Structure formats: C-alpha cells, structure tokens
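What follows is a single structure, written as structure tokens, with notes after it.
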Amino acid sequence: MQVRQEIFDTYWRFASMRQEVFFNKINNVPPPWTSDPIINTYKFCNAYRASDRVSQYLIKNVIYDENRSKNQEEVVLRILLFKIFNKIETWEYLEKKIGDYITLSNFDSKVYSDILQEAMNLGYVIYTSAYMSCASKEFGYDKKHQNHLALIDKMVVQDRVDNRIVKAKKLEDVFQIFQEYPLLGKFMAYQLATDINYSEIINFDENSFTIAGPGAERGIEKCFIDTHGKTYTDIIHWMSENQEKEFQRLGLNFQSLWGRPLQAIDCQNLFCETDKYCRGAFPDLKSNRKKIKSKFTLTPQPIDYFYPPKWRINEKVQESLAQRLPTLEITNLQLLNNNNCQQLSLELDSQVKTTSEITKNISKQYKKSEQDTQRKKSKVLQNIEMEKHEQLYLF
C-alpha cells in the first residue's frame, strides 16, 4: 500500500495528542492541554471509544450500575434503548417521567413513545447528533422514535434476541444478528455489538472483528494513495497491529489506556477523527466535507472513569484519579448559547452552563497559529503527489 505520508503520520500524531489531552484533563491540568490549535479549538472524540462521555455513561450508569438487574435480557434492553438514541438526557428524561429505573416490567413502547413525543413537543431533541440513525416507517408509525421503540420491542420482548446473542461464537456473529433487523445499518450494528461486548453477557476480543463507518472510510482515503486491493477492514487491523512500531517511528510517547493498546474499534474511530482534523490542518485536501462542525466547550464536571471490569484496568484508573490535582476552579462560566445550536438540552430542572467564553479566548489566542499551520500544510500537500520517493510503501 502507498500512504500519503503527511496525512498518514498525522493519524498517529493526532492519536498521541488526543490521548495527551485526555490525561491532562484527568489530572486537572489547566487548559490549554496541548499546543495544537486545532485540537484546542474543535471537538474531537477520545482516542479510545470507551473513554468518551456517552460511552462512559453507558458503561457506568446503564450496564454496571449496582442497582440495575444483571439479567441478560434486562441488560440487552437497556443497552439497545440507550444506544438507539445515544443521548444521556433522553435516557434520564425517560427515567424521570417513569419514576423508576428502566426495566422490562415497565417497558411499554406506547408509553415510552408518548413520553418522548411530549419532550419533542416541548422543543427537545431526543436523538444524538453524533451520527444519523435510519428513519423509515418500517413498523407502520409516522414518527422515527415510534418505529425505533417498536424495533426494540420486537428484538427484546418478542424475539428474545438476548438468547441468540449469548450463544454467539464470535463478535461478528453478534454483528450479523443485529444486521438482520430493519433500521439498523452496518455501522449501527457494529456499534451495538461493541456496546453489548462491554457487558458481562458476552466477552469477545475487540480486535477479532471490525468494519469501517463512513467517516473512517473518508479518513482511510485521505491517509492512503493506493491500498493495493486491501479492504478498509484490512487497513484498520493493520493499524491496530502496527501501532507500537508507528509510534516509535515518529518518536511519539503515546500514553495507552493504562496499558491497554488501541483496539480495532479505536483505530476505526481514529480514522474518522483524522478525517475531521484534516479539514482544519489540510484544507486543500479533496473531501466532500469541508469544515469541522463542533467547537470545543469545556465541561466543568470531571468524569470518574470506569471501564468494563473484565479489562482489568479499573484499579489503575482509580490510582490515577486519586493522585490528580485539585479541580481547577473556573469562575467565568456562561449560559449555553442556544442561538448557535439547534438542539435544546433535556435537563429541565437546571440551567445548563458552558465555557463558551473560555473557548472563544482559546480560539482567538490560536487563530494566527492555526492560519500559519494551514498554509504550511497546504504547501506540503501540493508537493505530495510529485514526491513519489517520499511515499511509504506498506505490505
């Protein structure tokens, strides 16, 4: 395979910088957490998927909460219901209106549908903006959320899909089970299989199966000039298997997840984030998406990280959290500016605050540096195709 050298190296540098930010935030180091102006200005997912805020909520509050049932059918219901909407506020809104934990005994697609319709009537957005979910009238309803709730009812209540999941021989089998159902495309089926695998009801190697989502495909196309017939899946596996060598080649001190290397799902996600990063760093690089949509905003509430116990890293995590610096006190928080976003928070009982002014100052501070960086990167990019001798050949 032929790589586009500057972009290929950017993949690894981005992973290292994003993980540096992760640990600086954990240690309550005052911002900015990296010298890179693009990462300081825009919102990027963590290098490790399980470290993202929504994944952390899923693992801690939805799957492993001690007050919730460990019954396999209950666990599958909770994961599917949470991930279909993939929004913490939607989950909490449902439980608040129900007045209890979400369980099979109180799951009623009609009741849940009415609750979410009430939220939408009030102007709230119940779905994540992180990715698009399939929308059709597959189950005969006019509204997307009604069809999704009917899907969950069919999978969990009618089909008892949990029985098939626990009998699966490999992670790909779980993916195939989800793919059989309507409203779940390949990307969503892979995400759900990964989320189920966080629980105790199955336990497969995350490197045993992967597929590339649309964003990862764009990232791969940017990193590689010619894949020489290798599939997207082949490339993701290669990245996972060769990560240590590539970090060493570039002299990068990559901080792993307390000894856990990047898994295939993480390398897949990093291609997606590299695609986003390149829109700022290499604006002249051909792409069907030109801008990074979301600006970074500081979250004042720190996360007490917790991972699937079977990974055996939580003891190290707790040691790190115990040693972190006192929480940085931020006094100039401002109310979220809803004029700049279409989504409204579902947190009805309190006003949501954000650090938009801090972000604005950081953005201003690095604006000139970012422009200089983009000009330099553009010049490099223009010479890439001409300098064949500088291209790295793999395989």
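Since this is a predicted model, take the numbers as computed values, not measurements. The analysis underlying the following values was restricted to heavy atoms, covering all of them including side chains, and did not include hydrogens, waters or symmetry mates.
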| request: Using the side-chain hydrogen bond (donor to acceptor under 3.5 Å, both in side chains) rule, take Ser105 and Thr103 through it: C-alpha gap first, then chi angles, then the decisive distance, then the call. | output: CA-CA 5 Å; Ser105 62; Thr103 64; 2.8 Å; yes
| query | Given Trp258 and Phe23, is the ring pair (Phe, Tyr, Trp, His ring centres under 6.0 Å) satisfied, shown in steps? | reply | CA-CA 10 Å; Trp258 289 278; Phe23 278 107; 5.1 Å; yes
| message | Test side-chain contact (heavy atoms from CB on, under 4.5 Å) on Ser113 and Tyr141; report intermediate values, then the result. | response | CA-CA 11 Å; Ser113 176; Tyr141 297 102; over 6 Å; no
| query | Arg18 and Glu273: salt bridge (charged side-chain N to carboxylate O under 4.0 Å, His left out), yes or no, with the steps? | reply | CA-CA 10 Å; Arg18 187 61 186 85; Glu273 298 308 292; over 6 Å; no
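Between Trp238 and Phe8, the ring planes lie tilted relative to each other; the angle falls in the 30° to 60° range. Note on ring orientation: taking the six-membered ring where Trp is involved, the planes of Phe22 and Tyr305 are perpendicular (angle over 60°, cut-offs 30° and 60°).
Electrostatic pairing of Arg13 and Asp36 does not count as a salt bridge here, judged by no charged N lying under 4.0 Å from a carboxylate O. The existence of a salt bridge linking Glu95 and Arg68 is confirmed by a sub-4.0 Å separation between a basic side-chain nitrogen and an acidic carboxylate oxygen. Residues Glu319 and Lys316 are not paired through a salt bridge, judged by the lack of any N-O separation under 4.0 Å between the basic side chain and the carboxylate.
Gln158 pairs by the side chain to side chain contact (heavy atoms under 4.5 Å, CB included) definition with Asp153, Lys154, not counting sequence neighbours. In this view, Tyr101 satisfies the ring pair (Phe, Tyr, Trp, His ring centres under 6.0 Å) rule with no residue, not counting sequence neighbours. Every residue two or more places apart in sequence or in another chain was checked for a salt bridge (charged side-chain N to carboxylate O under 4.0 Å, His left out) with Glu172, and none qualifies. Residues passing the salt bridge (charged side-chain N to carboxylate O under 4.0 Å, His left out) test with Lys170, sequence neighbours excluded: Asp173. Tyr112 meets the ring pair (Phe, Tyr, Trp, His ring centres under 6.0 Å) test with Phe107; sequence neighbours excluded. With sequence neighbours left out, the salt bridge (charged side-chain N to carboxylate O under 4.0 Å, His left out) criterion links Asp114 to Lys110. With sequence neighbours excluded, the residues forming a salt bridge (charged side-chain N to carboxylate O under 4.0 Å, His left out) with Lys137 are Asp142, listed by chain and number. His145 pairs by the ring pair (Phe, Tyr, Trp, His ring centres under 6.0 Å) definition with nothing, not counting sequence neighbours. In this structure, the ring pair (Phe, Tyr, Trp, His ring centres under 6.0 Å) partners of Phe44, at least two apart in sequence or on a different chain, are Phe14.
When side chains are defined from C-beta on, Gln191 counts as touching Ile265, because their heavy atoms get closer than 4.5 Å. Contact of the Asn61 side chain with the Gln56 side chain is not registered, since no non-hydrogen atoms from C-beta on lie closer than 4.5 Å. Within the 4.5 Å cutoff, the side chain of Ile59 has heavy atoms near those of the Pro308 side chain. In this structure, the side chains of Val174 and Phe209 stay at 4.5 Å or more apart for every pair of heavy atoms.
Of all non-hydrogen atoms in Tyr307 and Leu257, the two that sit nearest each other are OH-CD1, 3.5 Å. The two residues Leu77 and Leu104 have their closest heavy-atom pair at CD2-N, 3.7 Å. Heavy-atom minimum distance, Cys267 versus Leu262: SG-CB, 4.0 Å. Closest heavy-atom contact between Asp195 and Ile63: O-CD1, 3.9 Å. The two residues Arg324 and Pro302 have their closest heavy-atom pair at NH1-CB, 4.4 Å. Considering all non-hydrogen atoms of both residues, Leu184 and Met188 come closest at CD2-CG, 3.7 Å.
One distance of note links CD1 of Ile152 with NE2 of His148; it measures 8.0 Å at 0.5 Å rounding. Note that the OG atom of Ser320 and the CD1 atom of Ile26 stand 7.0 Å from one another [nearest 0.5 Å]. Separating the CZ atom in Phe271 from the CD1 atom in Ile236 is a distance of 6.5 Å, to the nearest 0.5 Å. Atom-to-atom distance recorded for Ile177:CD1 and Ile165:CD1 is 6.0 Å, nearest 0.5 angstrom. Note that CG of Asn86 is 11.5 Å distant from CG of Leu81, once rounded to the nearest 0.5 Å. One finds the CG atom of Leu80 at 5.5 Å from the CD1 atom of Ile196 (value rounded to the nearest 0.5 Å).
With hydrogens and angles disregarded, a donor-acceptor distance shorter than 3.5 Å links the side chain of Thr10 to the backbone of Glu6. With Gln19 contributing its side chain and Gln255 its backbone, the two residues share a donor-acceptor pair below 3.5 Å. For the pair Asn24 (side chain) and Val21 (backbone), a donor-acceptor distance under 3.5 Å is absent. Not a single donor-acceptor pair under 3.5 Å links the side chain of Ser55 to the backbone N or O of Ser51. Proximity of a side-chain donor or acceptor of Lys60 to a complementary backbone N or O of Asp304 within less than 3.5 Å is detected. No donor-acceptor pair under 3.5 Å is formed between the side chain of Thr227 and the backbone N or O of Met1.
Sorted by first and then second residue, the pairs that involve residues 198-210 and meet side chain to side chain donor-acceptor pair (under 3.5 Å), not counting sequence neighbours, are Arg49-Tyr198, Tyr64-Glu200, Tyr190-Thr210, Glu206-Arg260, Asn207-Ser240, Asn207-Gln263. Identified under the salt bridge (Lys or Arg N to Asp or Glu O under 4.0 Å) test for residues 176-185, with sequence neighbours left out: Arg164-Glu180.
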For residues 213-221, dump all side-chain donor-acceptor pairs below 3.5 Å to protein atoms at least two apart in sequence or in another chain.
| residue | atom | partner | partner atom | Å |
| --- | --- | --- | --- | --- |
| Arg218 | NE | Asp275 | OD2 | 3.0 |
| Glu221 | OE2 | Tyr232 | OH | 2.8 |

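In this structure, Trp91 has its ring center at least 6.0 angstrom away from the ring center of Phe85. Taking the ring centroids of Phe82 and Tyr57, they lie under the 6.0 Å cut-off.
The cationic atom of Lys276 (NZ for Lys, CZ for Arg) does not lie both less than 6.0 Å from the six-membered ring centre of Tyr42 and within 45° of the ring axis.
Side-chain N/O atoms of Thr194 and Asn197 include no donor and acceptor closer than 3.5 Å.
Within 6.0 Å of atom CZ in Arg312, 12 or fewer heavy atoms from other residues, nucleotides or ligands are found, so the atom counts as exposed in its surroundings.
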